[in-house]
Structures are given as C-alpha cells and as structure tokens.
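Take a look at the structure set out below.
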Amino acid sequence: MKHSSRDPEAVTAKPLIFIISPASAKANNGNWQTASRWQRFLRDRYRVRLTDEWDGKIQADLMIALHARRSAPAIQAWARQSPDAPLIVVLTGTDLYRDIHTDADARQSLEAASRLVVLQEAGLEQLSPALRKKTSVIFQSAPQFAPSIAPSLTPASAPAALSPLAANPAFTVIMIGHLRAEKRPETYMQAALLLKSSGIRLLHVGHALDAGLARQAADTAAACPSYEWLGGLPHARTRRLLADSDLMVITSAMEGGANVIIEAVTSGVPVLASDIDGNRGMLGSDYAGYFPVGDSATLARLILRVRDEAPYREQLRRQCSQRADLFSPEREQAALLELLDNVLLPHQE
C-alpha cells in the first residue's frame, strides 16, 4: 500500500497499523487495557499507533477499531478514504448487547469491517450468520499475578512487607468496575448492606461516572463501614488488591469479555458473576458461581457460601483454573497475529 508523504516512517518495511480506542489511558477501563495490550503484542512486527481518532492525514495498512458505535466516525472515514484497506472492528459489550441492535452507526461499522472480533464465544450468538463468517473469537489475557501472602501463611507468620489487605485476616471481597449503569454497582452495594454484620470486608474500585451511583456508594459506606469505595486506582494497584482478595464479584448487565474476570482467574481468585451471556462466554455455561442480574440477596447469600463452605469455594477455584489457559498472553498474541497475517497478506501480494 502506498503511504502519504506526510508519514516520516513510510520508508521502513514494517506495515503501519492504527488502533482506535475511544477510551483513554486515564479512563483505565477494559477497552483501554485491550488496546494497550494489543499495541505491545504487535510492536515487534508492525508499527502501531494508538489513538482515539483517525484524521486521514497519514495512510496506514490496517485499522483496528474498538467499539462499533463510539469509533464509528473513524471507521466511516477509513471506509471512505481507504475502501480497499483492511479494517478490523472489535465488538464491546455495549456493542453486542445493545448498540448493534438499535444504532445505525454501529450497524454500519459491522458492514464496513473486513473482519470482526468478539472477545468470548457467546458473542457470536448476537451476530447474523453472514457476519459470523467474518468474525474471530480472541480471548483477552493477563499475566499470572501472585498474592502478597501465600495461602498457607497466617498474618502472624507472614513476611513483614505485606500489603495492608494481605495482612488483614478478614474475608475480603472485591468488585472492580466504574460506577455506571451497565456495571450495576448498586447490586454490590445492596449486598454489602445485607452483609454489614457478617465481618466480611467489601472493597469497590472504580471511578464515579454517574453522580447518583456515587452518592449511593457514599451512603453505603456511611451505613456499612465494611464497604469501602476506593474510587479509581492505577491498574497495578488494582491488580494487587485483586490478587490479595478472597473473592471477586462482577455485577454487570452487559459485558463483551470482562478483563476483571481474566485478572481474577489468572490471580487464582474465585469469581461470582452476574448470569449474562458475556460472563458465561468467559467462565463457561456450567460455572457454579452465577447469580441473576440485579439480585443482591442471592449475591449476598453466595458470598457467605464462598466464605463458609470450603467445598463450594474450591469448586469455584477449580472451575476458574480450568479456564486459565484460555487467558494466557501467548495464546492471545498468537491469535491476534494470525488474524492480522490473514487480513494483511492478501493486500501485500
């Protein structure tokens, strides 16, 4: 493909790829983590530019766009200016379970794409047979992350340099999700109120993207001291808190393939998850840790069961462990590189 003279790197042999992510590093959400990770996976073989838009000034060999609706302006501009160049659109949870069924821009993005990517197998069910033919499933990944304290150690015998969470003997639950409607964080807050006398510590990490939910989180913390809303935290700090927790909860109403599930599984932390297609596509249809969306009473009961029933807790750990190979960085990178080879090679011959 010919490059614009405005591209100072055009003399190099490596193909140029734009990754469009509507989320920024500051947002620190799943879409940004995916875009950033894919940039790392590709940079040895390709020149990769990660941005939130494409202005058309620099031509490229390929565009990868996360989010069919929110990246629609860049997708449509690419389709107009580079109609013969390949375009990969990665479908998020709001794409799959809302926007592609109701939004014209999102549907147009599906048609413009050379290839589509879903991040878990159940996502295929939301697409027509014609669209499935050009869709790949690529599970996301995370490196393994050990807790600060080995399970066989007690806080009294553990090394001195423990995180405050690892040194706390209370059974600790964590939810990682920004305060917005799709994540249904109120379900976790309501469960916390039901568990206020249980001695269980409930952490909540996430930026306040909804003022009403932020007020509810503050009210919950005031009424239930064992519930701690920590706000948004750096990714490394969040992973440490997750690895040092006993249980992770995800309450979302829609997910395309939640990074937090992957990070829990690769940290050896069992998961309780809302019973939605996106979570089933990650954990499997036979997983024993689902609860109905919005059902705080069932969530509270299951949290107590994980704490109090060792066989149930070990069942969840075992089932999560059986999925861990799906979420290895090597597997995700290989799948991504294979997709790009298949898409780019016909255009380079």
Side-chain angles (χ1 to χ4, degrees), residues 21-23 27-35 37-38 66-71 89-103 106 116-127 135-142 174-188 191 204-207 209-210 213 235 238 242 247-267 269-287 289-296 298-299 302 316 319-320 323 326-327 332:
S21 172
N28 192 28
N29 64 13
N31 289 339
W32 169 256
Q33 294 298 331
T34 300
R37 191 173 58 254
W38 283 17
L66 279 74
H67 212 298
R69 180 182 62 81
R70 293 181 63 195
S71 295
V89 177
V90 184
L91 301 179
T92 67
T94 50
D95 282 331
L96 285 170
Y97 301 108
R98 186 186 64 201
D99 294 340
I100 63 173
H101 306 291
T102 60
D103 186 86
L116 301 170
V117 171
V118 294
L119 303 175
Q120 40 80 19
E121 293 167 336
L124 293 170
E125 299 172 8
Q126 300 300 311
L127 302 174
T135 303
S136 299
V137 179
I138 299 180
F139 284 98
Q140 299 175 96
S141 68
I174 190 168
M175 175 177 167
I176 302 166
H178 297 321
L179 274 61
R180 60 188 183 99
E182 292 84 358
K183 300 296 182 182
R184 292 290 180 91
E186 67 274 16
T187 306
Y188 186 62
H204 188 174
V205 177
H207 289 289
L209 304 184
D210 180 291
L213 290 171
H235 184 246
T238 301
L242 171 59
L247 176 67
M248 194 276 284
V249 168
I250 178 169
T251 58
S252 303
M254 59 180 72
E255 287 286 353
N259 272 292
V260 290
I261 289 179
I262 297 166
E263 292 177 346
V265 169
T266 55
S267 299
V269 177
V271 176
L272 292 178
S274 50
D275 191 0
I276 59 175
D277 286 347
N279 290 342
R280 283 183 170 269
M282 299 290 285
L283 292 166
S285 59
D286 61 345
Y287 188 66
Y290 296 121
F291 58 91
V293 174
D295 190 341
S296 56
T298 297
L299 173 57
L302 290 178
L316 297 186
Q319 289 184 308
C320 285
R323 304 290 285 185
L326 291 174
F327 309 139
E332 183 185 21

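If you read the sequence from its start, that first residue is 1, and numbering goes on from there.
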Subject >> Beyond-backbone contact of Leu242 with Val260, side-chain heavy atoms, under 4.5 angstrom >> reply: no
Original post:
Do Leu272 and Leu316 come close enough that some side-chain heavy atom pair is under 4.5 Å?
Top reply: yes
**OP:** Please round to the nearest 0.5 Å and tell me the distance separating atom CH2 of Trp32 and atom CG of Asn259.
**Re:** 13.0 Å
Original post:
Pro270 and Cys320: which non-hydrogen atoms are nearest, and at how many Å?
Top reply: CA-SG, 4.2 Å
Original post:
Picking from Thr251, Ile250, Val293, what satisfies side-chain contact (heavy atoms from CB on, under 4.5 Å) with Asn279?
Top reply: Ile250
**OP:** Report the C-alpha separation of Leu91 and Leu127 in whole Å, then their side-chain angles, then the decisive distance to 0.1 Å, and conclude whether the side-chain contact (heavy atoms from CB on, under 4.5 Å) test is met.
**Re:** CA-CA 11 Å; Leu91 301 179; Leu127 302 174; 3.9 Å; yes
Original post:
Taking the side chain from His67 and the backbone from Ala106, do they hold a donor-acceptor pair closer than 3.5 Å?
Top reply: no
Original post:
When rounded to the nearest 0.5 angstrom, what is the spacing between CD in Gln120 and CD in Gln140?
Top reply: 9.5 Å
Subject >> Between CZ on residue Arg184 and CG on residue Leu213, distance to nearest 0.5 Å >> reply: 10.5 Å
Original post:
Can you list the steps and then say if Glu255 with Met282 is a side-chain contact (heavy atoms from CB on, under 4.5 Å)?
Top reply: CA-CA 10 Å; Glu255 287 286 353; Met282 299 290 285; over 6 Å; no
Original post:
Would a 4.5 Å heavy-atom cut-off, applied to side chains only, mark Met248 and Ile261 as touching?
Top reply: yes
Subject >> Ring geometry between His178 and His207 (parallel below 30°, tilted from 30 to 60°, perpendicular above 60°) >> reply: tilted
**OP:** Considering non-hydrogen atoms only, spot the tightest contact between Phe139 and Leu326 and give its length.
**Re:** CB-O, 3.4 Å
Original post:
Between Phe327 and Ile262, what is the shortest heavy-atom contact and its length?
Top reply: CB-CG2, 3.5 Å
Original post:
Looking at side-chain heavy atoms only, is the closest gap between Asp99 and Arg70 below 4.5 Å?
Top reply: no
Original post:
Which distance, rounded to the nearest 0.5 Å, do you find between the CG of Leu119 and the OG1 of Thr34?
Top reply: 6.0 Å
Original post:
Between Ser252 and Ser274, what is the shortest heavy-atom contact and its length?
Top reply: O-OG, 2.6 Å
Original post:
For the residue pair Ala253 and Ile276, what are the closest heavy atoms and their distance?
Top reply: O-CG2, 3.6 Å
Original post:
Partners of Asp275 by side chain to side chain donor-acceptor pair (under 3.5 Å), sequence neighbours excluded?
Top reply: Arg280
**OP:** Output yes when a side-chain donor or acceptor of Gln126 lies under 3.5 Å from a complementary backbone atom of Asp95, and no otherwise.
**Re:** no
Original post:
Once you round to the nearest 0.5 Å, how far does OG1 of Thr187 lie from CE of Met175?
Top reply: 7.5 Å
**OP:** Please round to the nearest 0.5 Å and tell me the distance separating atom CE of Met254 and atom CZ of Arg98.
**Re:** 5.0 Å
Original post:
Can you name the residues that form a side chain to side chain donor-acceptor pair (under 3.5 Å) with Ser71, not counting sequence neighbours?
Top reply: none
Subject >> Closest non-hydrogen atom pair, Gly281 against Ala122 >> reply: CA-CB, 4.1 Å
